[in-house]
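Inspection log for the structure reproduced underneath, given as structure tokens.
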Amino acid sequence: MSDACGCSDETMAPGTAGEEKAEGFWQVREVRAAAVSGVLLLAGWITSLVGGPQWLTLPLEIIALLVAAWTFVPSTLRRLVRGKIGVGTLMTIAAVGAVLLGQIEEAAMLAFLYAISEGLEEYSLAKTRRGLRALLDLVPAEATVLRHGAQLTVSPAELVPGDRMVVRPGERLATDGRIVTGRTFLDTSALTGESVPVEAGPGTEVWAGSINGTGPLEVEVTSTAENNSLARIVHIVEAEQSRKGPGQRMADSIAKRLVPGILIVAGLIIVFGFIVGEPVLWFERALVVLVAASPCALAISVPVTVVASVGAASRIGVLIKGGGALETLGRIRTIALDKTGTLTRNQPAVIDVATAGPATRTQVLALAAGLEERSEHPLARAILAATPDRANVTDVDTVPGAGLEGLLDGQKVRLGRPGWIEPGELAADVERMQRAGATAVLIEQDGQVVGAVAVRDELRPEAREVIARLTRSGYTTVMLTGDNTITANALGKDAGITEVHADLRPEDKADIIRRLKANRPTAMVGDGVNDAPALATADTGIAMGAMGTDVAIETADVALMGEDLNHLPQVLDHARRTRRIMLQNVGLSLLLIALLIPLALFGILGLAAVVLIHELAEILVIANGVRAGRIARKNQLDARQPGPVLEPAARARQPSGPQEGGPATSGPGPGP
């Protein structure tokens with residue numbers, strides 16, 4: 001129940017027993033009490049309608065009042081003892097006042113309708129939070145492990161890192177791990193929102209809740225059940241749901257000030273009644289004004305919407321860190337995207353080799369591979385995958401921001417970016433490679449350039465359509481990359497992005513984000529590691545492919561757990577729609593109060609009418625907020641493969657790396 005409403009002394013904290021107690025609609029105590037009260041009220045009304053005796057009608061109304069009032073009066077009194085007032089205080093005063101005026105039926109109606117609205121509020125909050133926690137149900141009740149040469153069935157809670165799980169086709173993984181033996185396709189749709197099964201084999205990281213598809217697996221456990229990726233998702237979202245955005249802070253501020261203010265106004269109305277000689281009339285109007293000004297609909301308007309929206313996003317593999325992040329995301333108009341790993345696959349491959357002088361293609365690749373043999377850069381892995389040959393290069397050293405150098409048979413050899421190594425007769429080849437969207441590195445031996453290698457990281461197949469969709473929706477898209485300008489412009493043009501910033505270091509990206517957000521609310525989409533400064537600087541940081549990446553989830557305000565870029569426009573549309581629902585709810589709540597107060601003050605509406613209108617409006621606000629819990633799972637966008645300009649020299653799939661494109665070095669690359 002909303003604490004701002006002041007109707008409960010329990011805090012509806014995510015993940016606590018407070019939400020677990022309401023498993024079904026009829027298990028909410030307010031709903032059950034309201035149902036009993038409603039039946040009694042109906043019986044009393046029918047008895048009165050058929051001319052039944054007062055001694056029968058009155059007890060029915062009194063019992064109906066007591067049953068409904070039991071849902072909020074005790075907690076209101078406990079709050080009053082602690083010096084807290086809220087909407088429950090207003091309703092208690094109004095009910096007591098109606099009883100003093102002899103309006104038992106009106107008092108019972110007030111308590112009945114208020115109990116219904118509070119029950120619906122609690123049920124809607126609990127339901128949306130349970131929808132989030134239902135992710136934990138993806139973990140199977142049992143897991144099979146190999147211990148001492150035998151297969152044992154254990155509870156997931158008993159799994160410890162190092163255990164060897166046996167996962168048969170069709171079974172869910174009980175916790176995170178790494179495949180030791182077996183190949184399969186994993187269904188991770190419940191975690192990442194991606195409907196296409198993911199190929200997995202030895203060495204692949206796998207996540208709790210994934211469904212094993214085609215082949216039996218042995219998986220080494222890397223995380224306990226209470227700390228696996230699925231549990232972390234739920235914990236992070238629940239912990240961050242309390243972060244309030246400006247809309248919720250405004251609604252809370254108005255609600256807190258309105259309750260004591262309206263109590264003062266009601267007191268002045270009663271004093272006025274004594275002055276004009278009609279104390280009973282104006283006492284009754286003061287009670288009606290108390291109910292009319294009740295801000296419970298206002299107080300609950302944003303929290304219900306936020307909880308429903310964040311829970312819905314989590315079910316398609318998007319983590320949104322609370323109402324603040326959600327509201328800001330709904331205001332975004334400029335989107336800056338990192339290139340490598342966001343717009344591209346982060347699987348670079350050698351696509352061309354140019355040679356100079358007597359050097360052959362095989363010799364150039366072997367020399368490049370010899371220099372890159374110990375490097376972990378993704379471009380290094382692309383070069384190593386392109387050839388089995390390795391030149392025997394010794395004394396390899398990294399030149400920060402430039403490339404690598406070493407010795408081959410006493411001769412100095414170098415690999416690095418154009419500019420550090422002059423391209424000479426290969427200048428035209430280097431420019432051709434860069435215009436094709438590839439990163440070019442030059443290889444030099446004994447002071448003479450001997451070759452150039454082009455490495456390209458292809459655009460994601462959905463990138464063009466996603467950018468087009470964002471543009472149609474009114475967003476401005478910008479690409480940020482550490483790659484060279486020619487390559488960056490070629491890839492930007494291929495993706496449909498006209499504003500491209502290249503040759504950037506991480507701090508340069510953050511500076512550009514500051515300039516962009518000075519004009520319009522700006523989001524940064526990156527990998528959450530190299531782009532941490534830009535993600536932190538943006539109005540909203542969006543981490544791409546964050547499943548299992550603690551740094552990405554902690555750094556960003558929003559995390560796309562999967563690798564499908566289609567989720568970006570989908571969650572942006574969802575946030576904009578959620579923000580509209582928030583504004584509708586706040587506007588409706590304020591308009592209702594503004595209209596009902598004068599109507600109540602001048603006696604146009606009585607207590608029963610105001611109670612009915614007010615509580616129906618609260619139900620409407622709750623129902624509207626719950627709409628934010630529906631998110632359309634749009635069809636997969638057309639995935640048109642980019643037409644290669646140059647023929648690939650190697651097509652081996654390489655594991656993704658953490659660094660931006662550029663010359664393949666073991667340290668900071670010379671280009672990107």
Side-chain angles (χ1 to χ4, degrees), residues 5-7 34 37-38 40-42 44-45 47-49 54 57-73 76-77 80 85-118 255 258-298 589 591-618:
C5 283
C7 43
S37 176
L40 292 170
L41 267 176
L42 180 62
W45 178 74
T47 302
S48 175
L49 192 65
Q54 182 68 13
T57 305
L58 186 60
L60 289 172
E61 293 173 350
I62 292 173
I63 297 173
L65 170 61
L66 293 175
V67 170
W70 170 74
T71 65
F72 64 92
V73 172
T76 296
L77 295 177
L80 281 173
I85 61 174
V87 177
T89 310
L90 301 183
M91 292 300 178
T92 301
I93 293 172
V96 171
V99 170
L100 293 176
L101 291 172
Q103 299 178 0
I104 306 298
E105 185 178 6
E106 284 78 1
M109 181 66 72
L110 181 152
F112 163 67
L113 290 172
Y114 189 56
I116 287 178
S117 65
E118 291 305 306
L258 191 58
V259 171
I262 204 63
L263 285 172
I264 294 172
V265 170
L268 294 175
I269 292 172
I270 294 171
V271 171
F272 177 77
F274 280 100
I275 293 174
V276 299
E278 296 182 285
V280 175
L281 172 64
W282 289 98
F283 180 74
E284 182 178 350
R285 290 189 181 180
L287 295 180
V288 180
V289 168
L290 280 179
V291 177
S294 168
C296 202
L298 176 64
S589 303
L591 179 63
L592 179 71
I593 293 171
L595 290 176
L596 286 183
I597 289 178
L599 293 175
L601 182 62
F602 294 108
I604 298 172
L605 292 177
L607 182 60
V610 168
V611 168
L612 182 61
I613 294 171
H614 204 285
E615 301 309 328
L616 288 177
E618 185 176 345

How long is the straight-line distance from [atom2] of [Y] back to [atom1] of [X], given to the nearest 0.5 Å?
{"X": "Leu612", "Y": "Leu110", "atom1": "CG", "atom2": "CG", "answer": "11.0 Å"}
{"X": "Leu591", "Y": "Leu298", "atom1": "CG", "atom2": "CG", "answer": "12.0 Å"}
{"X": "Leu41", "Y": "Met109", "atom1": "CG", "atom2": "CE", "answer": "5.5 Å"}
{"X": "Ile597", "Y": "Leu605", "atom1": "CD1", "atom2": "CG", "answer": "12.5 Å"}
{"X": "Glu61", "Y": "Gln54", "atom1": "CD", "atom2": "CD", "answer": "7.0 Å"}
{"X": "Glu284", "Y": "Ile270", "atom1": "CD", "atom2": "CD1", "answer": "12.0 Å"}

Might you point out which heavy atoms bring [X] and [Y] nearest each other, and give the distance in Å?
{"X": "Ala293", "Y": "Ile262", "answer": "CB-CG1, 3.2 Å"}
{"X": "Ala266", "Y": "Ala286", "answer": "O-CB, 3.6 Å"}
{"X": "Ser37", "Y": "Ala64", "answer": "OG-O, 2.9 Å"}
{"X": "Gly38", "Y": "Phe112", "answer": "CA-CE1, 3.5 Å"}
{"X": "Ala115", "Y": "Thr71", "answer": "CB-OG1, 3.7 Å"}
{"X": "Leu596", "Y": "Ala292", "answer": "CB-CB, 3.6 Å"}

pair [X]-[Y]: side-chain heavy atoms closer than 4.5 Å:
{"X": "Ile104", "Y": "Val99", "answer": "yes"}
{"X": "Leu592", "Y": "Ile613", "answer": "yes"}
{"X": "Val291", "Y": "Leu287", "answer": "no"}
{"X": "Leu601", "Y": "Trp282", "answer": "yes"}
{"X": "Ile93", "Y": "Leu263", "answer": "yes"}

Checklist entry - Does the Ser48 side chain pair with the main chain of Trp45, one donor and one acceptor, at a distance under 3.5 Å? => result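 It does not hold such a pair.
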Next on the checklist: Can you tell me which residue among Leu65, Leu60, Leu66 is in a side-chain contact (heavy atoms from CB on, under 4.5 Å) with Ile62?
Outcome noted: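 When side-chain contact (heavy atoms from CB on, under 4.5 Å) is applied between Ile62 and each of Leu65, Leu60, Leu66, only Leu66 qualifies.
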